[in-house]
*Asks:* 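So that we are looking at the same thing, I have put the structure below in structure tokens.
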Amino acid sequence: QGESRCPSLPRPAAAPVELSLYYESLCPACREFLVLKLFPTWLLLPDEMLNITLVPYGNAQERNVSGKLDFQCQHGPRECLGNMMEACLMHEAKNFSTYFPVIFCLESGSSVTENLKACLQIYAPEVDSGRISACVQGDTGVALMHHNAQLTEALDPPHQYVPWITINGKHTDELQAQAEASLLGLVCHLYQGEKPEVCGGSKAPKVLSGCRR
């Protein structure tokens, strides 16, 4: 009754779809999902529809060597460096809309680990590359990677490959397949609020096979 008497009252906003991507910086399928699916979907949708969390770690292994944490990555030391650079970039830039285009630039370019300055110059000139380097070379980078290791190890069910996608905190084979086939369509379907024009329809590209552990 109240709603019919007060039609001008603003309706409560719908919660965004929560997507978490567990990935590693040099995994080809991770790079393809991030560059060809996740980034374009984020660009197309209004901010209130999709909330993205990026966790660069993937199939890495954390070890304690003489009291110091050490990381071994599936695609070697360069991947560990890429993971840490992206974690440090997120830490320094703080704002998702500042750091995601830079990560897109790194992952879509020729070298994830060597293009940081160029990508920052194009997408986030206000972020100091020196601060990111200091983070990578210091204790902060190690602490960030340890945090990402804990987040990844806490996954339930445990991840079996990357990219590993959770939607609203859940992972199922079906959700993973839908996200890889048509992420835009999946987010449009799940979002409970008013849908923008872009949700009219989207084609399903090929499903990519991940990097298994």
*Asks:* I need the full list of ring pair (Phe, Tyr, Trp, His ring centres under 6.0 Å) pairs touching residues 166-190, with sequence neighbours left out, sorted by first then second residue.
*Replies:* Trp164-His171
*Asks:* My understanding is that only residues two or more places apart in sequence, or in another chain, count here; which of them pass salt bridge (Lys or Arg N to Asp or Glu O under 4.0 Å) with Arg63?
*Replies:* Asp70
*Asks:* Supply the atom-to-atom distance Leu19 CG to Asn168 CG, rounded to the nearest 0.5 angstrom.
*Replies:* 9.0 Å
*Asks:* Ignoring hydrogens and geometry, is there a side-chain-to-backbone donor-acceptor pair from Gln74 to Arg212 under 3.5 Å?
*Replies:* yes
*Asks:* What residues, two or more places apart in sequence or in another chain, satisfy salt bridge (Lys or Arg N to Asp or Glu O under 4.0 Å) together with Glu107?
*Replies:* Arg31
*Asks:* Identify, with sequence neighbours excluded, every residue that meets side-chain hydrogen bond (donor to acceptor under 3.5 Å, both in side chains) alongside Ser66.
*Replies:* none
*Asks:* Looking at residues at least two apart in the chain, or sitting in another chain, which of them share a side-chain hydrogen bond (donor to acceptor under 3.5 Å, both in side chains) with Asn51?
*Replies:* Glu18
*Asks:* Is the number of heavy atoms from other residues, nucleotides or ligands within 6.0 Å of CD (Glu126) greater than 12?
*Replies:* yes
*Asks:* Quick one: ring pair (Phe, Tyr, Trp, His ring centres under 6.0 Å) pairs with a partner in residues 108-152, sequence neighbours left out?
*Replies:* none
*Asks:* Can you tell me if Glu62 uses its side chain to pair, donor with acceptor, with the backbone of Ala149 under 3.5 Å?
*Replies:* no
*Asks:* If you look at every heavy atom in Ala60 and Cys73, which pair is closest and at what distance?
*Replies:* CB-SG, 3.9 Å
*Asks:* Return each pair, listed once, that meets ring pair (Phe, Tyr, Trp, His ring centres under 6.0 Å) where at least one residue sits in residues 49-83; pairs must be two or more places apart or across chains.
*Replies:* none
*Asks:* For the side chain of Asn64 and the backbone of Gly67, is there at least one donor-acceptor N/O pair under 3.5 Å apart?
*Replies:* yes
*Asks:* Can you confirm whether more than 12 heavy atoms, excluding those of Lys68, are under 6.0 Å from its NZ atom?
*Replies:* no
*Asks:* Indicate yes or no for a side-chain donor-acceptor contact from Lys170 to the backbone of Thr166 under 3.5 Å, with no hydrogens or angles considered.
*Replies:* no
*Asks:* I'd like to check the salt bridge (Lys or Arg N to Asp or Glu O under 4.0 Å) partners of Asp128; sequence neighbours left out, ordered by chain and number.
*Replies:* none
*Asks:* Flag yes if more than 12 heavy atoms outside Asp47 fall under 6.0 Å of its CG atom; otherwise flag no.
*Replies:* no
*Asks:* Calculate, to the nearest 0.5 Å, the distance between atoms CG and SG belonging to Leu45 and Cys188 respectively.
*Replies:* 5.5 Å
*Asks:* State which residues pass disulfide (SG to SG under 2.5 Å) with Cys30; sequence neighbours excluded, sorted by chain then number.
*Replies:* none
*Asks:* Is the count of non-hydrogen atoms from other residues, nucleotides or ligands lying under 6.0 Å from Glu48 atom CD greater than 12?
*Replies:* yes
*Asks:* Look at the side chain of Lys37 and the backbone N and O of Leu183, then say whether any donor-acceptor pair between them is shorter than 3.5 Å.
*Replies:* no
*Asks:* Among all residues two or more places apart in sequence or in another chain, which pass the side-chain hydrogen bond (donor to acceptor under 3.5 Å, both in side chains) test with Gln137?
*Replies:* none
*Asks:* Flag yes if more than 12 heavy atoms outside Glu194 fall under 6.0 Å of its CD atom; otherwise flag no.
*Replies:* no
*Asks:* Under 4.5 Å between side-chain heavy atoms, counting indirect links through other Ile/Leu/Val/Met/Phe/Trp/Tyr residues: same cluster for Leu184 and Leu34 or not?
*Replies:* yes
*Asks:* Salt bridge (Lys or Arg N to Asp or Glu O under 4.0 Å) with Glu92: which residues, sequence neighbours excluded?
*Replies:* Arg131
*Asks:* Is there a continuous path of hydrophobic side-chain contacts, each under 4.5 Å between heavy atoms, that joins Leu144 to Val55?
*Replies:* no
*Asks:* Assign the ring pair Tyr99 / Phe96 to parallel, tilted or perpendicular, where the plane angle (0 to 90°) is split at 30° and 60°.
*Replies:* perpendicular
*Asks:* Any chance you could measure Ile52, atom CD1, to Leu54, atom CG, to the nearest 0.5 Å?
*Replies:* 6.5 Å
*Asks:* Following the transitive rule for hydrophobic clusters with a side-chain heavy-atom cut-off under 4.5 Å over Ile, Leu, Val, Met, Phe, Trp and Tyr, establish whether Phe100 and Tyr22 coincide in one cluster.
*Replies:* no
*Asks:* For the backbone of Cys211 and the side chain of Asn59, can you confirm whether one donor and one acceptor N or O come within less than 3.5 Å of each other?
*Replies:* yes
*Asks:* For Thr41, enumerate each residue passing the side-chain hydrogen bond (donor to acceptor under 3.5 Å, both in side chains) test, keeping only those at least two apart in sequence or located in another chain.
*Replies:* none
*Asks:* Taking Gln178 for its side chain and Leu186 for its backbone only, find out whether a donor-acceptor pair lies under 3.5 Å.
*Replies:* no
